[in-house]
Chemist: 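I have a structure I would like to understand better, so I am pasting it below and will then ask my questions one at a time.
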2 protein chains.
Amino acid sequence: MTTVLLADDHQLLRQAVRRALEDAGFDVAAEAGDGEEAADLAARHQPDVVVMDVTMPVLDGIRATRRIRELSPSARVVMLTMHGEESLLADAIDAGATAFLTKDCSLQEVVRAVRSAADGETMLSPDLAASLLGQFREPPVDGPAPSPLTRREEEILQLVADGRSTTEVARELFISAKTVKNHLASIYVKLDARDRTQAVLSGVRMGIVHLR
Amino acid sequence: MTTVLLADDHQLLRQAVRRALEDAGFDVAAEAGDGEEAADLAARHQPDVVVMDVTMPVLDGIRATRRIRELSPSARVVMLTMHGEESLLADAIDAGATAFLTKDCSLQEVVRAVRSAADGETMLSPDLAASLLGQFREPPVDGPAPSPLTRREEEILQLVADGRSTTEVARELFISAKTVKNHLASIYVKLDARDRTQAVLSGVRMGIVHLR
DNA sequence: GCCGGAATAGGCCGCACGACTCATTTCGCC
DNA sequence: GGCGAAATGAGTCGTGCGGCCTATTCCGGC
C-alpha cells in the first residue's frame, strides 16, 4: 500500500488531508508540524509520498524537500502552497518536488496528485498550469507578426544588432556604405525608430532580429 | 453522467481509450475518425469532454478544437499528440484545449485528464509539465546575474534603451549632458560595448534593462 | 584620517551617423 | 510593355556621439 507522510504546521489542514487520503485508500504513516520533523520522519518511515507545505516553522518546505530528496530518494514530494507564486514553483521543482499545488484546490486534487506522484508522475496545480500556459501563449501571439522590412533590411538590421558599424556592414555585404545608410534610413521610417539603437530594439521586440 | 466524444484516426487507439473511459464510469457517446466528423458529432451530441488527436485527416485536431469551441462552448477538449512538441501545445491551448497529453502516457493519465476536464480543470501531460518547468527554471539561473553597473549607470542605460538621446537623459535626470556621456563611457567599458546599441543589447541580455 | 569609487562637470577632437534629395538597375506583376 | 518596389549608389550638411584627459565633491570602509 502506498504510504504517505503529511507535513504542515496547521493541524486542521493535516486532518482534512488525512481524511481524504485515507478515504482514497492511502496509508498516512505519520504527520509532521515543521520541516525538520518532516525530514526526520521521512528518513524513519521511508514513505512513498510526502505531502508538504511550503511555509513551515524551523525548516521551510523547500529546504525540507531538498533534505528529503537526499536522505530518501525514493520519496516523491507533493508541495502545497498558499500563494501561487511562480518563483516558489521554480524553487520547489529545483529542490526535487514532483508536484506543486495551490491550497485553494480541492482535496480531490490533492488525492489525484498523490496518486500521480506514487506512479512517479509529475503534476501541476490546474491554476498554475493555466498561468504557465498563459505565459507560453503570449509570445506566439505577436511572435509571427509579419515583418514590414525587406529581406535586405532585415539582414542589415541583424548585422547592426551584432555590433557592426555602417562601414563594417557594407564590407560584409560587398556594397557601399552609402547603400547601408540608405537601407537604415528606410528601416528607421518603417520601424518608427530614430537611430540604430531604437531600430534594433524594435527588431528584438518584433522577433526580427536575434540576440547573440 | 459525463459524456465523452472520441476523435482519433486510429481505431485501435479509440478502442483502448473507450475501454479505459467506460471502465472508469464515463459514457462514450460517439467516435470520430477525422476532425470534421468530430466537430459535427460534437455539435449533435454536445458531449462534456472531447478527447481528440492532433494529427487527423480532413481537419486537424487544432482546427477541429477551434470549431468545437465555437459551436459547443461547454465542451472541454483533451488533446492527444504523438510528439511532445511545444509549438503544438501553444497552438492547442490557443485553440481552447483544456488539457494536453502526449500519447506515451498511460491510459490512467487519459482518464485522469478527462476527469479533470469534466471538473473544468486544466491538465498537462507530466512530461510536458516537466519540460515546461525546465524552461521555467533556466531563466532564474542566469537571471539574477549580479550587474556590474552602478545604480546610476543602470538608470541611464534604461533611459537610453527607452529611446532618449544623451541630452534628453541629461534633462530627465537634471544633470549635465557631459555627465551622462561620462556614465555611458563607463558603461561601455564595463559591458565591453563600443556604442549605445551594443550597451543596450548587453543590458537586455543580462536582464538589467527592460524592453518597453 | 585617508584612500577609493561614485557622481558630478568641463574641454577638445574627429568621425560616424542621420536627414534630405536624387539617380540607376533590376526585378516581379498586372 | 510598363508600373512600382527593392536594391544599389551619391552628395551635402549638421550634430550627436565616443575617446581621452582632468577636476571636484561626497561618501563608505579600512
Side-chain angles (χ1 to χ4, degrees), chain A residues 143-212, chain B residues 143-212:
Chain A
S147 164
L149 304 184
T150 67
R151 292 171 185 278
R152 198 55 157 175
E153 285 164 355
E154 285 185 19
E155 196 178 1
I156 286 171
L157 188 57
Q158 179 63 56
L159 284 169
V160 169
D162 291 344
R164 266 68 159 192
S165 71
T166 302
T167 51
E168 284 168 346
V169 171
R171 263 199 295 277
E172 205 140 335
L173 298 181
F174 302 107
I175 57 180
S176 110
K178 200 65 205 59
T179 303
V180 176
K181 293 176 84 172
N182 290 142
H183 283 305
L184 280 173
S186 168
I187 291 172
Y188 297 152
V189 172
K190 290 180 180 175
L191 297 188
D192 192 31
R194 59 171 168 174
D195 55 35
R196 40 185 70 223
T197 303
Q198 289 307 300
V200 167
L201 282 181
S202 289
V204 170
R205 275 189 290 261
M206 299 171 57
I208 311 177
V209 301
H210 310 290
L211 294 172
R212 285 172 187 164
Chain B
S147 165
L149 303 184
T150 67
R151 292 172 187 280
R152 198 54 158 175
E153 286 164 354
E154 284 185 19
E155 196 178 2
I156 286 172
L157 188 56
Q158 180 64 57
L159 285 169
V160 169
D162 290 344
R164 266 66 160 193
S165 70
T166 303
T167 52
E168 285 168 345
V169 171
R171 264 200 294 277
E172 205 139 333
L173 297 182
F174 304 105
I175 57 180
S176 112
K178 199 64 204 60
T179 304
V180 176
K181 294 177 81 173
N182 290 142
H183 283 305
L184 280 173
S186 168
I187 291 172
Y188 298 150
V189 172
K190 291 180 180 176
L191 298 189
D192 191 30
R194 60 170 167 179
D195 55 35
R196 41 185 68 221
T197 302
Q198 290 308 299
V200 168
L201 283 181
S202 288
V204 170
R205 276 190 288 262
M206 298 170 58
I208 52 187
V209 300
H210 310 290
L211 294 171
R212 282 171 186 162

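Just so it is clear: chains get the letters A, B, ... in the order the sequence lines come, proteins before strands, and each one is counted from 1. What you are looking at is a predicted structure, and each value in this text was computed from that prediction instead of being measured.
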Chemist: Looking at side-chain heavy atoms only, is the closest gap between A/Asp195 and B/Thr197 below 4.5 Å?
Modeler: no
Chemist: Which residues in residues 159-170 of chain B have a heavy atom closer than 4.0 Å to any atom of DNA chain D?
Modeler: B/Ser165, B/Thr166
Chemist: Report all side-chain donor-acceptor pairs from residues 180-187 of chain A shorter than 3.5 Å, counting only partners two or more places apart or in another chain.
Modeler:
residue  : atom : partner  : partner atom : Å
A/Ser186 : OG   : A/Glu153 : OE2          : 2.6

Chemist: Mind running a 4.0 Å heavy-atom check of residues 186-194 of chain A against DNA chain D and sending the residues that fall below it, in number order?
Modeler: none
Chemist: Please enumerate all residues that pass salt bridge (Lys or Arg N to Asp or Glu O under 4.0 Å) together with A/Lys178, with sequence neighbours excluded.
Modeler: none
Chemist: What residues, two or more places apart in sequence or in another chain, satisfy side chain to side chain donor-acceptor pair (under 3.5 Å) together with B/Ser202?
Modeler: none
Chemist: What I'd like to find out is whether the side chain of A/Leu201 reaches to under 4.5 Å of the side chain of B/Val204, using heavy atoms alone.
Modeler: yes
Chemist: Would you mind reporting whether B/Leu157 and B/Leu191 have side-chain heavy atoms less than 4.5 Å apart?
Modeler: yes
Chemist: So for the helix from C/dG1-D/dC30 to C/dC30-D/dG1, with five pairs setting each end axis, what is the inter-axis angle to 10°?
Modeler: 50°
Chemist: Considering residues at least two apart in sequence or located in another chain, which fulfil the salt bridge (Lys or Arg N to Asp or Glu O under 4.0 Å) criterion with B/Arg194?
Modeler: A/Glu168
Chemist: Send over the distance from B/Gln198 CD to D/dG18 P, rounded to a whole Å.
Modeler: 11 Å
Chemist: Would you say the side chain of A/Thr150 lies within less than 4.5 Å of the side chain of A/Lys190, judging by non-hydrogen atoms?
Modeler: yes
Chemist: Looking at CD of A/Glu172 and CG of A/Asp162, how far apart are the two atoms once the value is rounded to the nearest 0.5 Å?
Modeler: 8.5 Å
Chemist: Answer whether the closest heavy-atom distance between the side chains of A/Val200 and A/Gln158 falls below 4.5 Å.
Modeler: no
Chemist: B/Ala193 and B/Ala199: which non-hydrogen atoms are nearest, and at how many Å?
Modeler: CB-N, 3.4 Å
Chemist: Only counting residues at least two apart or in another chain, list the ones meeting salt bridge (Lys or Arg N to Asp or Glu O under 4.0 Å) with B/Arg152.
Modeler: B/Glu155
Chemist: Under 3.5 Å, which N/O atoms of the protein pair with N/O atoms of nucleotides 7-14 of chain D?
Modeler:
residue : atom : partner  : partner atom : Å
D/dA7   : OP1  : A/Arg152 : N            : 3.4
D/dA7   : OP2  : A/Thr150 : OG1          : 2.4
D/dT8   : OP1  : A/Arg152 : NE           : 3.1
D/dT8   : OP1  : A/Arg152 : NH2          : 2.7
D/dT8   : OP2  : A/Arg152 : NE           : 2.8
D/dT8   : OP2  : A/His183 : NE2          : 2.9
D/dG9   : OP2  : A/Ser176 : N            : 2.6
D/dG9   : OP2  : A/Thr179 : OG1          : 2.9
D/dG9   : O5'  : A/Thr179 : OG1          : 3.4
D/dG9   : N7   : A/Asn182 : OD1          : 2.8
D/dG9   : O6   : A/Asn182 : OD1          : 3.3
D/dA10  : OP2  : A/Ser176 : OG           : 3.3
D/dA10  : N6   : A/Asn182 : ND2          : 3.3
D/dG11  : O6   : A/Lys178 : NZ           : 3.2

Chemist: Please list, chain by chain and in numerical order, all residues satisfying side chain to side chain donor-acceptor pair (under 3.5 Å) with B/Gln198, sequence neighbours excluded.
Modeler: none
Chemist: Rounding to a whole Å, what distance do you find between A/Leu184:CG and C/dA16:C1'?
Modeler: 12 Å
Chemist: Nearest whole Å is fine: how far is D/dG16 P from A/Asp195 CG?
Modeler: 12 Å
